[in-house]
Amino acid sequence: MQTHSAKRVEITIEAVMQSRLTDALKQAGVSGYTVLPVLGGSGRSGDWTRAGEIGRASGMVQVVCILRPERLSVVLERAFAVVEKHIGLVTVSDCDVIRAERF
Amino acid sequence: MTEIFALAGQNLLSPIILSFALGLAAALARSDLSVPEAAAKALSIYLLFAIGFKGGVAVAAHGVDLTLALSLLAGFVLSALLPLVAFGLLRAMTGLSALDAAAIAAHYGSISIVTFVAASSVLDSGGIGYEGYMVAVAAAMEAPAILSALWLISRSGGSDGARRMDRDLWREILLNGSIVLLVGAFAIGWATGEDGLAEISSFIVSPFKGVLCLFLLDMGLVAGRGLRQSAGLLQMRVLAFGILMPLVGCVFGLAAGMLLGLSTGGVALLMVLSASASYIAVPAAMRVALPEANPALSLTLSLGVTFPFNLTLGIPLYVAMARAATGG
């Protein structure tokens with residue numbers, strides 16, 4: 001089957017910043033994204049877990065989007081403006097998609 | 001003094017406090033006991049609805065007077081003022097940066113609704129009456145502290161506080177889920193009165209303390225995990241602030257309550273509100289507005305130090321002080 005090269009951007013960020021990040025992605029022309037819950041983890045800011053938490057302050061989410069390679073730079077610039085000062089992680093990896101017209 | 005010890009002893013042996021202690025001990029001992037996030041949220045929704053509804057019913061029964069409006073105003077002023085006091089104390093007592101001090105100060109100007117619920121429960125058990133509208137005062141005290149903290153940052157040479165407050169943050173603060181539920185349930189209770197309460201009392205009155213026990217078990221687990229993970233992060237002087245600030249805050253609450261002419265229970269609740277620190281609404285707002293501040297400091301201090309202090313020793317102390325001051 002014919003596949004097409006694309007970029008997969010995964011941004012793990014504080015839950016309180018989720019809507020600001022997805023707004024920035026939309027403004028950068030991202031056609032779609034997926035938000036995943038993150039159960040817990042450990043990093044420079046210490047260990048954390050979602051268990052029993054009732055507020056959003058200490059939670060994290062992961063936002064995943066697939067892009068055409070030529071859109072990567074503008075999307076990262078917009079996303080970085082939101083995540084720069086916050087706890088989180090941004091990774092970019094290569095992937096293949098079947099329906100390129102959707103991205 | 002004897003009364004304080006008697007109340008404290010009675011309070012410490014209540015199922016509510018023992019549930020909190022169980023959660024705290026389990027987390028510190030690294031037990032795998034945990035309350036799922038969704039269950040914890042459901043418990044908090046139940047408690048906020050119940051306390052808001054019952055407050056509204058009490059106002060419907062006793063009517064509205066000028067004291068209600070003045071109490072709301074007093075709550076607003078206390079919430080805006082206490083961060084200034086907390087900031088001054090933190091800067092004098094600890095070596096924390098202005099940013100961390102302002103973020104912590106915002107937590108101490110705002111309130112802990114769980115501490116308020118626990119105090120209401122103690123007052124109910126002791127047959128001490130209080131104004132039902134204190135729930136509305138609690139809601140009024142959630143947000144002003146955040147604005148004071150941002151003003152402190154502007155004044156301390158940090159970036160402009162106004163720039164940190166975008167439209168989304170305003171909406172998140174003012175329409176925070178806890179505030180909407182608390183005020184909404186209060187309005188429903190006020191509108192439906194005793195008849196409304198009679199219809200749902202088997203749901204929101206009888207199981208209330210049992211649900212509160214489970215919720216405090218979860219709070220104990222969260223506080224214990226926070227303390228374990230932040231061991232070594234909090235200096236002794238910062239820890240001391242976590243005990244000193246509620247004692248300072250309660251005096252402001254006592255003075256305001258006496259000026260307003262509240263009942264003994266009302267004064268005690270205003271003291272509790274002034275002495276408590278937020279760990280739900282303010283931490284989220286601070287992560288957006290002051291992301292450079294260390295969240296582990298403020299959360300561990302408010303949830304791991306001040307909350308247990310208020311729950312175990314603070315509430316009996318505030319009730320005894322209110323009784324002594326009002327002669328109730």
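Chain identifiers are assigned alphabetically (A, B, ...) following the order of the sequence lines, protein sequences preceding nucleic acid strands; residue numbering begins at 1 within each chain. Side chains included, hydrogens not; waters and symmetry mates left out as well; all remaining heavy atoms used.
- Contact annotation for Arg225(B): only side-chain heavy atoms (C-beta onward) come within less than 4.5 Å of a heavy atom of chain A.
- We find the CD-NZ distance between Glu292(B) and Lys85(A) to be 5.0 Å, quoted to the nearest 0.5 Å.
- Counting heavy-atom pairs under 4.5 Å between each of Leu43(B), Val35(B), Leu217(B) and chain A puts Val35(B) at the top.
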Tell me, with the steps shown, if Arg20(A) and Val288(B) meet side-chain contact (heavy atoms from CB on, under 4.5 Å). CA-CA 10 Å; Arg20(A) 288 169 177 81; Val288(B) 176; 3.5 Å; yes
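- By the 4.5 Å heavy-atom criterion applied to side chains, Ile87(A) and Pro291(B) are not counted as neighbours.
- For Met219(B), the part sitting under 4.5 Å from any heavy atom of chain A is the side chain, from C-beta outward, and nothing else.
- Heavy-atom proximity under 4.5 angstrom to chain B picks out nothing from residues 62-82 of chain A.
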